[in-house]
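Nothing fancy with the numbering, it's 1 onward along the sequence.
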Amino acid sequence: MKEQLPDLHSHFSDLNLEAHMYASQWFLTLFTAKFPLCMVFHIIDLLLCEGLNIIFHVALALLKTSKEDLLQADFEGALKFFRVQLPKRYRAEENARRLMEQACNIKVPIKKLKKYEKEYQTMRESQLQQEDPMDRYKRENRRLQEASMRLEQENDDLAHELVTSKIALRNDLDQAEDKADVLNKELLLTKQRLVETEDEKRKQEEETAQLKEVFRKQLEKAEYEIKKTTAIIAEYKQICSQLSTRLEKQQAASKEELEVVKGKMMACKHCSDIFSKEGALKLAATSREDQGIETDDEKDSLKKQLREMELELAQTKLQLVEAKCKIQELEHQRGALMNEIQAAKNSWFSKTLNSIKTATGTQPLQPAPVTQPPKEST
């Protein structure tokens, strides 16, 4: 600074402003304490490329760019300028870039820096020789005591850290052993469950085979019953049709007989006096008692015959209704049997899936809901 900025150096000397009052923070923190990051990045790039000498370049560039302001400031103003105003000036990236260009243009020979280092060491040695030996020994003793206390503190810290690390490692080891025991137990349980699952699977396969055989037999039986029921239904239908035909024939024969009886009655004088052509009874005043007996007998016989025909018709209708009810019942039994077969198939399929899922360690599926058979319609 005395060679490149002599006027600023003399001004600082007049103010008793030494370099360590403002530059020590620059050298210790590489300008990161106060200056913006955009400027710090450039300084670190140059430091990695050029070496430690770039710190002197940047420091001299800062003093050179701020020389006019520093020459007009007093002691307090200079310190405040270094602390507040100087970092604000380089917040803009353009100012930081210009500062880096100026720092690269400053020449600080390495030989001269080594010469200054030797002169500084010589000056320190001469000061130590001129110093009182007692004071030097006291200072050396105090420095050694401080170093000893620092080393003891570091030793205590290291010992504490070592004990803490051992305890932590032991705890981790215990936890790992406990976890290994738990995993081994879980592995044994898993193997046992696997064996049980395989046994259950084998049993279920056997049960499945048995169920298939039972279902096959039931299905064959159901098909046989369905065929038998179909044949019975066909026979019932044929019988009902025959009964209906017979009833119609009997009704026609009854009508013909009734017509014949009416013709005979109309041909008879005595009967014609009693019955009209419509079959109504004439109220004759003479011989009512004698003819009434014969007419009552004929009417009773006709009513009896008509009643028998109505009874036979009612029986035929009843048989037809019973046949229809039987057909409906057989159809209902067939539907219920088919639903039971389907439900058994679904239950077996869901059990098989659950056993497979349990064996693989996943959650078993819920069994499919069994469809209820339809209610019998009345």
Single-linkage hydrophobic cluster, 4.5 Å side-chain cutoff, [X] and [Y] together:
X	Y	answer
L71	L63	yes
L211	M338	no
I110	L52	no

Ring pair (Phe, Tyr, Trp, His ring centres under 6.0 Å) pairs touching residues 64-88, sequence neighbours excluded, are Y22-F82, W26-F82
Restricting to side chain to side chain contact (heavy atoms under 4.5 Å, CB included), what partner residues turn up for [X], sequence neighbours left out?
X	answer
E119	K115, Y116
E213	R216, K217
A253	none

Short question: side chain of [X], backbone of [Y] - any donor-acceptor pair under 3.5 Å?
X	Y	value
S148	L144	no
N95	R91	no
H11	Q72	no

Charged N to carboxylate O under 4.0 angstrom, E117 versus K114? no
Electrostatic pair K203-D199, nearest N-O below 4.0 angstrom: no
Whether over 12 other heavy atoms sit under 6.0 Å from E93 CD: no
_Other residues, nucleotides, ligands: >12 heavy atoms within 6.0 Å of R246 CZ_ = no
Contacts under 3.5 angstrom, residues 152-168 side chains, donor-acceptor by atom type, not counting sequence neighbours:
| from | atom 1 | to | atom 2 | distance (Å) |
| --- | --- | --- | --- | --- |
| Q153 | NE2 | D157 | OD1 | 3.3 |
| T164 | OG1 | H160 | O | 2.7 |
| S165 | OG | E161 | O | 2.7 |

Tightest non-hydrogen contact, residues M21 and N16, listed as CE-O, 3.8 Å
Scanning both residues in full, the closest heavy-atom pair of A78 with L17 reads CB-CD2, 3.8 Å
Residue set satisfying side chain to side chain donor-acceptor pair (under 3.5 Å) with R334, at least two apart, ordered chain then number -> none
Can you list, by chain and residue number, the hydrophobic cluster partners of [X] when the side-chain cut-off is 4.5 Å?
X	value
L37	F41
I327	I233
Y137	none
L320	none

Table please: side-chain donor-acceptor pairs of residues 254-261 below 3.5 Å, with sequence neighbours left out.
| from | atom 1 | to | atom 2 | distance (Å) |
| --- | --- | --- | --- | --- |
| S254 | OG | Q250 | O | 2.7 |
| E257 | OE1 | Q305 | NE2 | 3.0 |

Decide side-chain contact (heavy atoms from CB on, under 4.5 Å) for E146 and R142; before the verdict, give the C-alpha distance in whole Å, the side-chain angles of both, and the deciding distance to 0.1 Å.
CA-CA 6 Å; E146 292 176 355; R142 186 166 56 253; 3.8 Å; yes
Across all chains, not counting sequence neighbours, the ring pair (Phe, Tyr, Trp, His ring centres under 6.0 Å) partners of F27 are F56
